[in-house]
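Accompanying notes for the structure given below.
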Amino acid sequence: MANFKTLDDVEVRGKRVLLRVDLNVPMKDGKVSDVTRITRVTSTIEDLSNAGARVIMLAHFGRPKGKRVDAMSLAPVAKASAEIIARPVTFVTDCIGDIATKAVDAMQDGDIVQLENTRFYPGEESNDPDFAKALAANGDIFVNDAFSVSHRAHATSEGLAHILPAYAGRSMEAELNALESALGTPEHPVVAVVGGAKVSTKLALLGNLVAKVDVLIIGGGMANTFLAAEGKPVGKSLCEHDLVDTAREICTTAREQGCEILLPRDVVVASEFKAHAPSKTISAEAVASDDMILDVGSATLGEIAIRFEAAKTIVWNGPLGAFELAPFDNGTVIAARHVAMLTRAGRITSVAGGGDTLAALNQAGVAQDFSYISTAGGAFLEWLEGKDLPGVKALA
Ligand code: ADP
Ligand code: MG
């Protein structure tokens, strides 16, 4: 996977650079309410502009389903980008055709333009070669800085890379390098922490991880299915009883591959799914019919800590408990702080991703201490599943 060209491999002065970015930012009252996605790509925009490239940004916004929808225009996003990079960003009301060509022809070296939402055309998501050609007409090279859309073979993630010389932007480069150091060619032992609600949404991911990591720590609601597979009582916990055979198969494969699976040995139970519901920590053997498992217990956290201390690499997706409800965030917070401490001490590489995982790490106040936090959502999960991401593959 680490086989891709970067901005260090190309002279961009005077070149028209089609730069794919993810600017699908949250908006409130017509204004960008969270600029994280913009700040992730500013170093790429600045590097290109400083090097004399003509920077032509391509992005999607929302789900206009192949039609022009004014409410999904990128105009307000272009305005926010200009403020953040403190340089003019010219907004262009179309991404292909005469309007786009005229705007690009008028550019000087170092200029930055934002073309309108590529999803206003159905050819974006259908990866139509004619649409990709129409986009490519305004560029000399293609730079993909949108890892988060690279699990989809769209015209601006995949199609363009087959028409123009293609490079990874700075944030794509950072993401691919982080992922490579976590699972591609990691330092062992590698410990994976997988939690979250359900086994069913993470089957492929678990299957891939048992083949690659040394220890797989399973927590969260999905651990209950594994406990049930071992014949343990789970009371009224979230549990996918139809998947106990699958859970058993995953454990068998893990044994064959020499991957240790660590399940909760003690759990925090309550009788309702509610913040501050009266709770107690009990053995995972002793869950009563009215109990709901909402977090891992302290003995389990001790076992996790031992694995962390021995690790060189830790990959994390999914909270260990119902972290939205205090105090059932305790297990996740304690484990996350341990990973943060080991990372700060330079003892491990740590990579985490997933929407709820990020929320949980932020809640624990440690997100910035991990070696790398992926905000890529579905693309990160597909990568954890071991899938080839078409937008990344096309960069090779
Ligand atoms: P991510 O978004 O990071 O991939 P998931 O969406 O898979 O994570 O899982 C997060 C959800 O799992 C949270 O809403 C959390 O409340 C839930 N969860 C974790 N542990 C439990 C549990 N023991 N019982 C019920 N829900 C749980
Ligand atoms: Mg989630």
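Note that the structure is predicted; figures quoted are calculated from it, not measured. Every number for a ligand or one of its atoms is a count from 1 in the order of the listing. Values reported hereafter were calculated over all heavy atoms of this structure, with side chains retained and with hydrogens, waters and symmetry mates removed. Nothing fancy with the numbering, it's 1 onward along the sequence.
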Nearest heavy atom to atom 1 (P) of ligand 1 wins, so pick from D356, L294, V268.
-> D356
Euclidean distance, N330 CG relative to L320 CG, rounded to 0.5 Å = 10.5 Å
Flag if over 12 foreign heavy atoms under 6.0 Å of NZ, K5 = no
Using 4.0 Å as the upper bound for N to carboxylate O, is an ion pair formed by R20 and D145?
-> no
For S157 and R152, indicate whether the former's side chain and the latter's backbone hold a donor-acceptor pair under 3.5 Å.
-> yes
Cationic N near anionic O, under 4.0 Å, E382 to K393 | no
Is there a heavy atom in F273 that sits closer than 4.0 Å to ligand 1?
-> yes
Consider every N or O of D295 and every N or O of ligand 1, then say whether any pair is closer than 3.5 Å.
-> no
Atoms listed for the Mg ion (ligand 2) (protein only, N, O or S, under 2.8 Å, no waters) are D356 OD2
Among all protein heavy atoms, pick out the one at the shortest distance from atom 23 (N) of ligand 1; state its residue, atom name and that distance to 0.1 Å.
-> I293 O, 3.0 Å
If every non-hydrogen atom of C251 is compared with every non-hydrogen atom of F226, which pair is closest and at what distance?
-> SG-CD2, 3.7 Å
Only heavy atoms count here, so choose which of G221, G196, S237, G219 is nearest to atom 21 (C) of ligand 1.
-> G221
Would you confirm whether T300, through its side chain, and D266, through its main-chain N or O, come within 3.5 Å as a donor-acceptor pair?
-> yes
Kindly give the heavy-atom pair with the smallest separation between M172 and A146, and that separation in Å.
-> CE-C, 4.1 Å
